[in-house]
Amino acid sequence: MSDIIRRDPRAEWIMRNRLHPLHDQYMSQEEGGEVRGPSGLIRKFPHKVGFIGPNGIKRIDRLKGNSSAPKGKRSAAAQEVQLPLHKVDSPDYYIMVVADMVGGRLTGHDKDILGLAHKLIAEQGGNGAVVAVCFGEVKEENFDTAGVDRVLHIEGEAFEGYAPEARVQALAKVEAQYTVKHWLFPDSIHGGCDLASRLSARLGERPATQAWQVNAEQTVSRGASASLDITRQTPKILMLLEECADAIDETRHEATPITLDDVAVSAATIKDKGLMAVDPNAIPMAEAEFILSAGNGIHNWDQFHEAAKVLGATEGASRVAVDDGFMPRSRQVGATGTWVTARVYIAVGISGAIQHMQGIGQVDKVIAINTDAGCDMVKRAALSVIGDSEEILAELMKLAAEHKQTSLSDQAEENSNAA
Amino acid sequence: MPHKVISLISVGRHPQSGRSRRADQDSRAVELGLKLAGTDLDVVHAGSSEEPVLRQYAGMGLPKVTVLEQAESADALPAISSYLKTQQADIVLTGVRSESGESSGMTPYLLAEQLGWPIVARVADIVEVKDGEAQVLLALPRGQRRQVTVKLPFIASIDNAAEAARQSAFGPGLRAKMEAQSGSTEEDSVRVNWSEAPAKARPKRLKVVKAKTAADRFKAATAKPQGGSGKVMKNESAQEQAQAIFDLLIEEKIIR
């Protein structure tokens with residue numbers, strides 16, 4: 001149902017004209033509904049406002065249906081909007097977007113670049129399609145609304161994990177198999193920049209790095225450690241900074257899978273030995289992923305350090321804990337200390353002064369352990385537990401130790417099965 | 001047998017003052033080279049041997065710096081690659097991106113392609129070189145490290161996560177020898193057509209509200225941030241509370 005109000009000029013005219021023979025009939029129909037004047041403004045009939053309640057008193061509903069409990073008000077907004085489908089049949093050329101796919105999903109950076117790819121096609125004209133090239137595990141489900149016309153998922157054991165050499169061979173194969181107009185890469189530390197540089201060297205193309213303003217003819221890119229803007233012709237391979245264009249949000253795309261012929265991958269000279277176990281306290285606090293932070297509510301400091309060790313968390317502290325000498329100044333989180341970007345932040349015994357809240361502004365999930373349910377940290381937190389921090393930390397350490405044991409024994413079982 | 005290590009250095013640019021200095025990543029590359037090869041480290045620069053910044057590098061304890069003498073506008077790549085071909089190096093260290101010029105970060109990749117060597121990017125440390133293989137730590141986002149092994153010879157670009165460069169001493173820097181060789185005279189013909197200007201501040205992305213009706217626009221302008229406070233557990237036992245926290249940590253893949 002649409003929200004557009006359909007006016008019936010005849011009915012309005014009858015309702016305005018009290019002498020019309022049908023006036024009473026229309027008025028009783030319109031009871032409670034709105035009456036529009038000749039200019040379209042809503043006219044109120046002050047004598048007909050409200051209704052008589054059960055005890056004979058006149059009641060006027062001043063909320064106009066805006067009360068917290070709406071009584072079955074129909075609305076079109078709840079309906080899911082089906083975006084128009086953008087179709088590309090038998091494209092003349094392709095723009096390849098090699099997405100970072102951190103954690104198997106398109107990042108915001110990837111989506112911006114997909115938006116840019118569509119902008120380039122619109123400017124250049126012709127029947128072009130945007131291809132998302134991805135490696136490894138893919139969990140993304142919304143390729144269609146992100147602006148992907150074709151998906152090229154290059155699978156195989158050789159491309160899993162850290163395998164830049166195999167991947168660049170696959171990309172060179174893509175170049176040979178399809179008519180590629182542009183290669184777009186995110187200029188990121190997640191591997192986009194590395195792969196793009198390898199491909200450029202392989203194809204002998206001169207790329208534009210750190211590009212941020214791109215159209216079909218000209219590219220503006222940063223140079224000399226971001227102190228210089230270089231304007232040049234748009235090259236074939238582009239490494240793009242974040243927010244280089246707007247992501248697609250008004251169209252739906254086909255996201256049809258396309259395939260690549262078998263790639264002969266030569267033996268890798270770089271062998272991946274997996275991620276290293278890093279001492280969490282050696283990671284700079286500003287970029288740590290998981291922080292266990294202590295405040296005034298901590299009394300057993302040995303237990304706190306132990307808990308951070310068991311959970312594998314980077315230690316942080318509030319200003320009070322630092323001023324009292326329990327933690328070094330370099331561990332302070334907040335306006336005068338470090339502004340952290342962790343994904344998960346556990347605040348133990350921190351009530352949440354505004355300076356501390358500034359420091360954790362970019363944190364995704366905050367967990368608060370506190371005795372006071374009314375403190376500011378509890379308001380900010382995604383999960384807050386009210387209780388004694390010492391008991392809760394002890395339980396948490398127990399759980400972590402159990403989890404470690406079960407996962408270890410699972411691994412041992414798997415190994416014995418494999419053997 | 002000790003391995004032959006070469007560090008490539010360039011003239012850096014101080015981010016605030018814009019003065020020339022020893023480049024941050026390049027000096028880390030020299031530091032790593034000194035760790036691997038001691039004073040046998042060969043440090044190579046393509047440019048002018050009169051450049052005072054080279055003395056800052058030399059002040060890190062280098063007896064000599066090899067300079068491939070060439071004009072500023074000349075392409076550094078042919079000179080360096082022909083030099084490397086004569087040297088039979090095992091490890092070549094560079095920065096990830098130069099701090100002046102185009103700073104595309106392509107130099108190590110192009111060298112690797114020309115020499116047919118593997119390249120490892122964003123190296124935090126080279127742990128061990130043994131049996132024709134090197135154990136290398138790569139710097140990943142959020143302070144994580146990945147361990148890889150690479151066959152010698154290889155090129156490594158050194159990340160900011162590598163060990164910071166030692167202080168430069170003025171006197172030894174002045175006394176160091178600058179060994180000049182002739183570099184290339186090939187001009188960078190593509191770059192001549194570019195126009196360069198001081199960097200403009202990038203516009204911040206605005207939150208564009210695509211509302212169809214006035215009511216929607218009003219709502220978007222006045223709406224409070226979504227999602228007030230999260231789940232609060234008040235009366236549960238400590239064990240249940242700890243379990244809830246632990247489940248969240250597993251859900252967020254903090255604990256695996």
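Quick note on labels: first sequence line is chain A, next is B, and so on, each numbered from 1.
- Taken to the nearest 0.5 Å, the CD1 atom of A:Ile367 stands 10.5 Å off from the NZ atom of B:Lys231.
- Each of A:Glu391, A:Glu165, A:Arg202 has some count of heavy-atom pairs under 4.5 Å with chain B, and the biggest count is that of A:Arg202.
- Looking at B:Gln114, neither its backbone nor its side chain comes within 4.5 Å of chain A, counting heavy atoms on both sides.
- The environment of CZ in B:Arg19 is sparse: at most 12 heavy-atom neighbours from other residues, nucleotides or ligands sit within 6.0 Å.
- If you measure heavy-atom distances from A:Gln213 to chain B, you find no contacts under 4.5 Å at all.
- With a 4.5 angstrom heavy-atom cutoff, A:Arg206 touches chain B only via side-chain atoms.
- Using a 4.5 Å cut-off between heavy atoms, A:Thr341 touches chain B through backbone and side chain atoms alike.
- The pair B:Glu102-A:Arg232 meets the salt-bridge criterion, since a charged nitrogen lies less than 4.0 angstrom from a carboxylate oxygen.
- Rounding to the nearest 0.5 Å gives a distance of 13.0 Å between CG of A:Asp229 and CH2 of B:Trp194.
- Between atom OH of residue A:Tyr162 and atom CD of residue B:Gln147 there is a gap of 13.0 Å, rounded to the nearest 0.5 Å.
- Per-residue counts of heavy-atom pairs under 4.5 Å with chain B were compared for A:Met239, A:Lys404, A:Glu250; the largest is that of A:Glu250.
- Contact record, A:Ala400 with B:Phe246: CA-CE1, 3.6 Å, taken as the closest heavy-atom pair.
- Within a 6.0 Å sphere centred on NZ of A:Lys309, heavy atoms belonging to other residues, nucleotides or ligands number 12 at most.
- With a 6.0 Å radius and a threshold of 12 heavy atoms from other residues, nucleotides or ligands, B:Glu128 has its CD atom above the threshold.
- Ranked by heavy-atom pairs under 4.5 Å with chain B, the first of A:Ile346, A:Leu399, A:Ile189 is A:Leu399.
- If you tally non-hydrogen atom pairs under 4.5 Å between each of A:Lys365, A:His190, A:His403 and chain B, the highest count goes to A:His403.
- Two residues are said to be in side-chain contact when any heavy atoms from C-beta on lie closer than 4.5 Å; B:Arg142 and A:Arg343 meet this criterion.
- A 4.5 Å side-chain heavy-atom check between A:Leu228 and B:Arg13 finds every atom pair outside the cut-off.
- Contact count against chain A (heavy-atom pairs under 4.5 Å) is highest for B:Ser195 among B:Ser100, B:Ala238, B:Gly143, B:Ser195.
- B:Glu240 places none of its side-chain heavy atoms less than 4.5 Å from the side chain of A:Glu395.
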Note to self: Working note: B:Met233 + A:Ser384, criterion side chain to side chain contact (heavy atoms under 4.5 Å, CB included); need CA distance, chi angles, decisive distance, verdict.
What the structure shows: CA-CA 6 Å; B:Met233 302 180 77; A:Ser384 4; over 6 Å; no

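- Within the model, atoms NZ of A:Lys398 and CD of B:Gln239 stand 6.5 Å from one another, a figure rounded to the nearest 0.5 Å.
- By number of non-hydrogen pairs under 4.5 angstrom with chain B, the leading residue of A:Asp187, A:Leu311, A:Val366 is A:Asp187.
- For the atom pair CD1 of A:Ile386 and NZ of B:Lys234, the computed distance is 6.5 Å after rounding to the nearest 0.5 Å.
- The choice from B:Ala121, B:Ala112, B:Gly18, B:Pro141 that makes the most heavy-atom pairs within less than 4.5 Å of chain A is B:Pro141.
- When each of B:Leu140, B:Ile250, B:Asn193, B:Leu249 is checked for heavy-atom pairs under 4.5 Å with chain A, B:Leu249 comes out on top.
- Contact check for A:Ser227 versus B:Glu99: no side-chain heavy atoms found under the 4.5 Å cut-off.
- B:Arg97 touches chain A through its side chain: at least one heavy atom from C-beta onward sits under 4.5 Å away, while N, CA, C and O do not.
- Here B:Arg202 does not pair with A:Glu243 in a salt bridge; the nearest charged N to carboxylate O distance is not below 4.0 Å.
- For A:Asp388, no part lies under 4.5 angstrom from a heavy atom of chain B.
- Neither the backbone nor the side chain of A:Asp364 comes within contact range of chain B; no heavy atoms are under 4.5 Å apart.
- Of the two parts of B:Leu248, only the side chain, counted from C-beta on, holds a non-hydrogen atom closer than 4.5 Å to a non-hydrogen atom of chain A.
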Checklist line | A:Asp194 vs B:Arg122, salt bridge (Lys or Arg N to Asp or Glu O under 4.0 Å): CA-CA, chis, key distance, verdict | finding: CA-CA 9 Å; A:Asp194 181 38; B:Arg122 297 199 169 269; over 6 Å; no

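- Contact tally against chain A (heavy-atom pairs below 4.5 Å) for B:Gly101, B:Pro198, B:Gly12: the top residue is B:Gly101.
- Residues of residues 273-283 of chain A placed with any heavy atom under 4.5 Å of a heavy atom in chain B are listed by number as A:Lys273, A:Gly274, A:Leu275, A:Met276, A:Val278, A:Ile283.
- The closest side-chain heavy-atom distance from B:Ile245 to A:Ile369 is below 4.5 Å.
- The CG atom of A:Asp272 sits 9.0 Å away from atom OG1 of B:Thr149, with the distance rounded to the nearest 0.5 Å.
- Neither the backbone nor the side chain of A:Asp376 comes within contact range of chain B, judged by heavy atoms closer than 4.5 Å.
- Residue contact with chain B, scored on non-hydrogen atoms closer than 4.5 Å, is absent for A:Gln233.
- When each of A:Gly204, A:Pro207, A:Gly312, A:Ser221 is scored by its heavy-atom pairs under 4.5 Å with chain B, the top score falls to A:Pro207.
- Scanning for side-chain hydrogen bond (donor to acceptor under 3.5 Å, both in side chains) contacts around B:Ser104 gives an empty result, with sequence neighbours left out.
- There is no contact between A:Leu393 and chain B, counting heavy-atom distances below 4.5 Å.
- B:Ile119 approaches A:Ile270 most closely through the heavy-atom pair O-CD1, 3.3 Å.
- Within the 4.5 angstrom heavy-atom criterion, no atom of A:Glu402 approaches chain B.
- In this structure, B:Lys35 places its NZ atom where more than 12 heavy-atom neighbours from other residues, nucleotides or ligands lie under 6.0 Å away.
- More than 12 heavy atoms of other shown residues, nucleotides or ligands fall within 6.0 angstrom of atom CD in B:Glu236.
- Across every non-hydrogen atom of B:Ser103 and A:Gly223, the tightest pair is OG-C, 3.5 Å.
- Around the NZ atom of B:Lys85, the shell of radius 6.0 Å holds more than 12 heavy atoms that belong to other residues, nucleotides or ligands.
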